[in-house]
Every structure is written in C-alpha cells, then in structure tokens.
Amino acid sequence: MADDLLVIIPTRGRPMAVPEIVRVWGDTGASADLLFCVDTDDPELAAYKQHAADLKADPRVRFTFGKRRRLCGTLNQQATKAASKYRFLAFMGDDHRPRTADRPWDARIRECLSGGPGIVYGNDLLQGEAMPTAVAMTSDIVSTVGYMCPPGLVHLCVDLCWLDWGRGMERITYLDDMVIEHLHPAAGKATVDQGYEEANSSEQVSSDSAAYYEYRDGGGLAADLEKLRKLVAYSQGGTLTPGNATTTNETGSPEVVVKRA
C-alpha cells in the first residue's frame with residue numbers, strides 16, 4: 001500500500017546516491033515512498049537500472065526513467081502526476097540525507113502538514129532557515145497552481161519560490177531540529193562534478209535568476225498566491241464562488257474547490 005507522503009528525487013550521474021539514500025530511510029525509520037527520477041540519456045543509466053532491479057522488492061522505493069527535463073521539469077512532471085494519489089509531496093536532491101532524530105523526520109512532516117494546505121522544511125546544515133533546499137508540501141498546492149516549480153525555472157531559485165508561496169499563504173514551518181543534510185560542495189561535503197558545474201554555471205545562474213524575478217515581479221507569483229490563499233480559506237471553512245476549478249478537497253467525498261470567475 002502506498003504511503004501518504006511521496007519524496008521525489010531527480011538524480012543524474014550519481015547512482016552511488018541510491019543505496020545511500022535507501023540506507024538512511026532505514027536508519028531514520030522513514031516510511032515515506034521514494035521515487036528516483038532518472039534520465040534515459042544518463043551516462044550511468046546501467047548502474048541506476050541495476051539499483052532498480054536490486055530494490056524491486058522494497059515497496060517504498062520506485063524508479064522512473066524518461067527523457068531529460070532537468071530538475072524543475074522532472075519535479076513538475078512527477079508531482080502533478082502524483083498529486084491525486086498522495087496527500088503530501090516532497091523534494092530532496094540526490095545530495096540530501098535525512099538524519100536520525102528522536103522521531104522519524106517524515107512523521108514530523110505529516111504532523112506539520114496535517115492541519116491543511118502548507119509547506120514545511122528542515123535544517124540542511126547549509127542554508128538553514130534561509131532557504132528550503134529540501135521541502136515538503138500538501139499536494140493540493142501542486143494541484144491548485146498546476147506545478148511544483150514555476151515552469152520558467154530550470155534548476156536554481158525554486159527554493160525561493162517555495163518560500164514565497166509559504167510566506168504568502170502564511171502557512172510555512174521551519175523545523176531547525178529536523179535535519180536533512182545537504183552534502184553540497186559549498187559546505188565542503190562533496191567534490192564538484194559535472195552536475196554541480198552545469199547547475200551552477202554562470203549561464204544557469206543568470207537564466208534562472210532572471211526567470212525567478214520575472215515570476216516574482218511580473219504577476220506570476222501574485223496570481224499563484226491568489227489561488228493559494230483561497231485554498232487556505234476554503235480549508236478553514238470559507239466559501240468560494242463558482243468559477244474555474246483549482247483543486248480537489250478530500251473530505252470522504254471529493255469536492256471541487258473553485259476560484260472566483
């Protein structure tokens with residue numbers, strides 16, 4: 001049976017991360033489902049496929065293989081497909097590792113998000129509260145705006161958008177003691193490989209920065225926050241007038257949440 005939380009991990013060129021991540025799932029007592037998203041043109045494709053075969057019997061772990069869409073494109077494809085099946089959706093990079101605590105980290109995510117639409121993130125030991133480099137949210141957020149990442153983004157700045165959504169909804173929680181460590185070269189915890197070089201190139205920084213500012217200041221964020229605030233109001237007992245459907249509310253019998261026409 002599927003869990004109510006799906007963690008999506010786009011991964012490229014780092015098949016060694018797969019058994020490490022699966023191991024920490026066991027170490028931390030996590031029950032969340034785990035989806036590794038692999039590009040079919042990955043030079044390490046054979047190694048990923050071997051891991052998929054080795055883990056076939058583990059009901060928590062799945063793999064998907066498809067054409068390359070980069071990080072944000074992959075997240076959007078998988079999150080929108082999963083939003084109707086899971087109550088909560090999360091993202092981690094293949095260089096993130098949840099750490100053991102007195103309570104499983106995924107249980108804390110469920111607890112924080114159980115009260116309705118919202119976003120939660122923990123301490124990555126690099127950016128801390130300043131930036132959710134790994135994040136979890138209620139799936140109705142994805143259903144409402146139609147994506148997990150604004151489509152203009154490729155790899156960078158999406159964590160800033162998640163902050164903007166959570167703060168704009170007034171439904172965001174930072175858990176300092178929920179450690180999901182970011183093993184990034186900037187923290188001296190990884191060596192720079194082709195993936196880091198590509199994602200942090202000057203061209204990618206310029207492109208994603210421009211896309212973020214266009215989304216933030218060009219009306220995209222304002223439009224999304226209008227939808228998300230109505231979603232929050234509905235979850236708290238408010239009413240919405242007929243218009244275009246924005247999400248589905250699970251209340252035993254699904255109801256359509258709509259925004260003003």
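Residues take their numbers from the sequence shown, with the count starting at 1. Everything numeric in this text was worked out from a predicted model, so none of it was measured.
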Legend entry - Audit row: T173, Y121, side chain to side chain donor-acceptor pair (under 3.5 Å) steps and yes/no: CA-CA 6 Å; T173 302; Y121 64 109; over 6 Å; no

Inset, instruction - Output, in order, the C-alpha distance, side-chain angles, deciding distance and verdict of side chain to side chain contact (heavy atoms under 4.5 Å, CB included) for K67 and D41. - result: CA-CA 7 Å; K67 75 174 185 178; D41 69 344; over 6 Å; no

Inset, instruction - Output, in order, the C-alpha distance, side-chain angles, deciding distance and verdict of salt bridge (charged side-chain N to carboxylate O under 4.0 Å, His left out) for R110 and D4. - result: CA-CA 9 Å; R110 294 184 192 90; D4 59 355; 2.8 Å; yes

Inset, instruction - For side chain to side chain contact (heavy atoms under 4.5 Å, CB included), just list the numbers for V120 and L175, CA-CA rounded to whole Å, side-chain angles, deciding distance to a tenth of an Å, and then say yes or no. - result: CA-CA 8 Å; V120 62; L175 299 173; 3.9 Å; yes

Inset, instruction - Given side chain to side chain contact (heavy atoms under 4.5 Å, CB included), test F63 with K49 step by step and report yes or no. - result: CA-CA 9 Å; F63 287 75; K49 287 191 171 182; over 6 Å; no

Legend entry - Candidate pair V24 and T100, rule side chain to side chain contact (heavy atoms under 4.5 Å, CB included), full reasoning: CA-CA 8 Å; V24 299; T100 303; over 6 Å; no

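By the 4.5 Å heavy-atom criterion applied to side chains, C72 and V154 are not counted as neighbours. With contacts defined as side-chain heavy-atom distances shorter than 4.5 Å, the pair F91/L71 qualifies. Side-chain contact between H96 and L183: absent, with no pair of heavy atoms (C-beta onward) separated by less than 4.5 Å. Contact annotation: the side chain of T138 never approaches that of R87 to less than 4.5 Å [non-hydrogen atoms, C-beta and beyond]. Contact annotation: the side chain of R97 never approaches that of I180 to less than 4.5 Å [non-hydrogen atoms, C-beta and beyond]. With a 4.5 Å cut-off on side-chain heavy atoms, S31 and R60 do not count as touching. Proximity of P185 to T191: side-chain heavy atoms (C-beta onward) are nowhere separated by under 4.5 Å. No side-chain heavy atom of T74 sits under 4.5 Å from any side-chain heavy atom of R70.
Under a hydrophobic clustering in which Ile, Leu, Val, Met, Phe, Trp and Tyr are joined whenever their side-chain heavy atoms come within less than 4.5 Å, directly or via other members, V38 and V18 fall into the same cluster. Following chains of ILVMFWY side-chain contacts shorter than 4.5 Å, one can reach M92 starting from M178, so the two form part of one hydrophobic cluster. Residue W162 is grouped with residue L160 when hydrophobic side chains (ILVMFWY) are merged at heavy-atom distances under 4.5 angstrom, including chains of intermediate members. Both M148 and I172 belong to a single network of hydrophobic side chains, linked directly or stepwise wherever heavy atoms of I, L, V, M, F, W or Y lie under 4.5 Å apart. Residues L35 and Y86 share a single hydrophobic cluster, defined by chaining ILVMFWY side chains whose heavy atoms lie under 4.5 Å apart.
Within 6.0 Å of NZ on K56 lie no more than 12 heavy atoms contributed by other residues, nucleotides or ligands.
By the 4.0 Å N-to-carboxylate-O rule, R14 lies close enough to D193 to be salt-bridged with it. Of the charged side-chain nitrogens involved, at least one lies within less than 4.0 Å of a carboxylate oxygen, so that D39 and R12 count as a salt-bridged pair. Note on R68 versus E198: salt bridge recorded, some NZ/NE/NH1/NH2 to OD/OE distance being below 4.0 Å.
Within the cation-pi definition used here (under 6.0 Å to the ring centroid, within 45° of the axis), R108 does not qualify as a partner of Y174.
In the model, D208 has no side-chain atom that pairs as donor or acceptor with a side-chain atom of Y213 under 3.5 Å.
With hydrogens and angles ignored, the 3.5 Å screen pairs no side-chain donor or acceptor of H155 with any backbone N or O of Q204. For the pair D124 (side chain) and E181 (backbone), a donor-acceptor distance under 3.5 Å is absent. Judged by distance alone, with hydrogens and angles left aside, the side-chain atoms of S235 form a donor-acceptor pair with the main-chain N or O of V232 at under 3.5 Å. Distance alone, capped at 3.5 Å, places no donor-acceptor pair between the K230 side chain and the E226 backbone. Under a 3.5 Å cut-off, the side chain of R171 and the backbone N or O of R167 do not form any donor-acceptor pair. Judged by distance alone, the side chain of S114 and the main-chain N or O of E111 form a donor-acceptor pair under 3.5 Å. Under a 3.5 Å cut-off, the side chain of D33 and the backbone N or O of D3 do form a donor-acceptor pair. A side-chain donor-acceptor contact under 3.5 Å links W25 to the backbone of A32. Remark: side-chain polar atoms of T80 are not paired, donor with acceptor, to backbone N or O of Y147 under 3.5 angstrom.
To the nearest 0.5 angstrom, L225 atom CG is 12.0 Å from L231 atom CG. From I9, atom CD1 reaches atom CD of Q78 across 12.5 Å, with rounding to the nearest 0.5 Å. For the atom pair R23 CZ and T28 OG1, the distance stands at 10.0 Å (nearest 0.5 Å). We find the CG-CG distance between L6 and D106 to be 12.0 Å, quoted to the nearest 0.5 Å. Taking CG of D177 as the start and CZ of R99 as the end, the distance is 15.5 Å to the nearest 0.5 Å. Annotation: the span from M137 atom CE to I119 atom CD1 amounts to 4.5 Å, rounded to 0.5 Å.
Between H184 and Y196, the two ring planes are perpendicular [angle over 60°; tilted spans 30° to 60°].
The minimum heavy-atom distance between L156 and A199, with the atom names listed, is CD1-O, 3.3 Å. Among all heavy-atom pairs drawn from L163 and P132, the shortest one is CG-CD, 3.5 Å. L125 approaches N123 most closely through the heavy-atom pair N-OD1, 2.8 Å. Residues M169 and L228 share a closest heavy-atom pair of CG-CB, 3.6 Å. Between C157 and Y212, the closest heavy-atom pair is CB-CB, 3.8 Å. Among all heavy-atom pairs drawn from L89 and A82, the shortest one is CD2-CB, 3.9 Å.
For the pairing with F36, the side-chain contact (heavy atoms from CB on, under 4.5 Å) check across I8, T64, D94, V22 returns one residue only, V22.
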List the atom pairs, with distances to 0.1 Å, where a side-chain N or O of residues 214-222 and a protein N or O form a donor-acceptor pair under 3.5 Å, not counting sequence neighbours.
unit_1 : atom_1 : unit_2 : atom_2 : d
Y215   : OH     : W165   : NE1    : 2.7
Y215   : OH     : D224   : OD2    : 2.6

